[in-house]
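These numbers come from a predicted model, not from an experiment. Each chain gets a letter, A, B and so on, in the order the sequences are listed, and its residues count up from 1.
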Protein chains: 2
Amino acid sequence: MPEPDIFRALADPTRRAVFERLSAAEMTVSDLTRGFDVSQPAISQHLAVLKGAGMVAERREGRQAWYRAAPDALSGLEAWVARYRTFWPERVEALKTVLKEMDE
Amino acid sequence: MPEPDIFRALADPTRRAVFERLSAAEMTVSDLTRGFDVSQPAISQHLAVLKGAGMVAERREGRQAWYRAAPDALSGLEAWVARYRTFWPERVEALKTVLKEMDE
DNA sequence: GAATCGCATAAGTATCGACTTATGTATCGG
DNA sequence: CCGATACATAAGTCGATACTTATGCGATTC
């Protein structure tokens with residue numbers, strides 16, 4: 001049982017988009033705010049939820065706060081999905097194919 | 001982008017529990033209702049959301065409705081996760097190990 | 001064909017959650 | 001120091017949503 005927080009964190013599209021950007025690059029709150037059509041407090045609140053779910057990490061530097069996706073942000077989710085994967089062996093085969101392609 | 005419906009469907013703990021049971025066995029609405037502390041309409045409503053997200057399939061038999069987890073219920077979620085896996089190659093290695101163990 | 005069963009839908013309620021503006025608190029520059 | 005900057009927190013609003021009870025509707029049973 002991955003902390004239910006991650007499911008709630010992923011439920012909001014804006015929050016998913018924030019996480020996507022933080023997966024591509026470390027950014028400050030100002031950087032993120034510029035990229036979305038919501039206020040800075042809204043971004044801070046989304047970041048607090050993502051942090052509470054262990055999906056992002058914070059690094060303070062002066063008056064700036066740099067955020068980035070946590071390395072194991074989705075490990076809990078992967079583990080949860082893996083439980084069901086055992087019921088569907090054919091999906092494992094499909095996944096193997098994907099991984100094989102990534103090797104080439 | 002996997003349909004956002006799946007994220008919303010997974011957000012509710014009761015709905016996740018319903019899905020978990022349907023992953024283990026095909027069940028009727030009555031069966032499910034007995035297993036939870038909510039009303040039958042509440043269960044029907046959760047099933048409608050899960051069905052809308054393509055996570056469960058319905059089979060009618062007389063006045064009973066049998067539900068089961070769809071075989072590819074989590075494929076959209078897997079695909080979404082896979083996008084981030086590319087950013088973290090070390091997690092791919094871990095996954096390969098898991099799959100290797102499943103082979104043995 | 002009347003009563004019952006299994007389930008879905010309708011309608012109302014109350015809590016949750018995503019947003020806003022306003023304000024607080026450090027940090028930096030002059 | 002004093003204003004400005006970067007961010008977080010407070011407080012309020014409004015729509016989404018998870019639940020309830022009531023009801024509808026087809027399938028069974030007698």
Side-chain angles (χ1 to χ4, degrees), chain A residues 1-22 25-70 73 77, chain B residues 1-22 25-70 73 77:
Chain A
M1 47 191 150
E3 327 157 37
D5 286 344
I6 192 174
F7 292 107
R8 203 178 71 80
L10 289 171
D12 183 72
T14 301
R15 203 154 43 222
R16 282 199 302 277
V18 167
F19 174 72
E20 295 195 20
R21 303 215 181 184
L22 293 179
E26 191 181 37
M27 299 177 71
T28 68
V29 177
S30 297
D31 294 335
L32 282 167
T33 300
R34 260 185 295 277
F36 291 92
D37 200 28
V38 296
S39 66
Q40 171 264 314
I43 297 293
S44 283
Q45 288 161 15
H46 282 309
L47 289 170
V49 172
L50 289 169
K51 192 177 179 184
M55 296 182 62
V56 301
E58 187 191 358
R59 177 174 65 87
R60 292 242 119 163
E61 184 177 322
R63 49 185 168 181
Q64 300 190 344
W66 291 86
Y67 283 87
R68 60 183 169 82
L77 189 61
Chain B
M1 45 188 155
E3 327 157 37
D5 286 344
I6 191 174
F7 292 107
R8 203 177 70 80
L10 289 171
D12 183 72
T14 300
R15 204 154 42 221
R16 281 199 304 277
V18 167
F19 174 72
E20 295 195 19
R21 304 216 180 184
L22 293 178
E26 191 182 37
M27 301 175 70
T28 68
V29 178
S30 298
D31 295 335
L32 281 168
T33 300
R34 262 185 293 278
F36 291 92
D37 199 28
V38 296
S39 66
Q40 172 264 316
I43 297 294
S44 282
Q45 288 160 16
H46 282 309
L47 289 169
V49 172
L50 289 169
K51 191 176 180 184
M55 296 181 64
V56 301
E58 185 190 0
R59 178 174 64 87
R60 295 235 116 169
E61 184 177 323
R63 50 185 169 183
Q64 300 189 343
W66 291 85
Y67 283 88
R68 61 182 168 82
L77 189 61

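Between A:R63 and A:A42, the one whose closest nucleotide on DNA chain D sits nearer the 5' end is A:R63. Residues A:V49 and A:E61 both approach DNA chain C. Their nearest nucleotides, taken by heavy-atom distance, put A:V49 toward the 5′ side. Annotation: of the two residues near DNA chain C, B:A48 and A:S39, the 5′-most nearest-nucleotide partner is B:A48.
Residue B:T28 places its side chain closer to C:dC7 than to any other of C:dC7, D:dA8, D:dT21. Between D:dC7, C:dC19, C:dA8, one nucleotide has an atom nearer to the side chain of A:S30 than all others, and that is D:dC7. Proximity note for A:S44 (side chain, C-beta onward) versus D:dA8, D:dT21, C:dC19: the nearest is D:dA8. Closest approach to the A:T14 side chain among D:dA8, C:dA8, C:dC19 is made by C:dC19 (side chain taken as heavy atoms from C-beta onward).
Taking CG of A:L32 as the reference point, atom OH of A:Y67 lies at 9.5 Å (rounded to 0.5 Å).
Considering only side-chain N and O atoms, B:Y67 lies nowhere under 4.0 angstrom from the phosphate OP1 or OP2 of C:dG6.
In this structure, CZ of A:R8 is placed 14 Å from C1' of D:dT17, rounded to the nearest angstrom. Between A:D31 atom CG and D:dC7 atom P the separation is 8 Å, expressed in whole Å. B:Q40 places its CD atom 12 Å from the C1' atom of D:dT20, with the value rounded to the nearest Å. As a whole-Å value, the separation of B:K51 NZ from C:dT9 P is 9 Å. If you measure from atom CG of B:L47 to atom P of C:dG6, you get 16 Å, rounded to the nearest angstrom.
Under the side chain to side chain contact (heavy atoms under 4.5 Å, CB included) test applied with B:T33, the options B:D31, B:D37, B:V29 reduce to a single match, B:V29.
Between the B:R16 side chain and the B:L10 main chain, a donor and an acceptor come within less than 3.5 Å of each other. Between the side chain of A:R15 and the backbone N or O of A:R8, at least one donor-acceptor pair lies under 3.5 Å.
Taking 3.5 Å as the limit, the base of D:dT20 and the side chain of B:Q45 contain a donor-acceptor pair of atoms between them. With hydrogens and angles left out, the side chain of B:Q64 and the base of D:dA27 share no donor-acceptor pair within 3.5 Å.
Heavy atoms of B:F36 sit nowhere under 4.0 angstrom from any nucleic acid atom.
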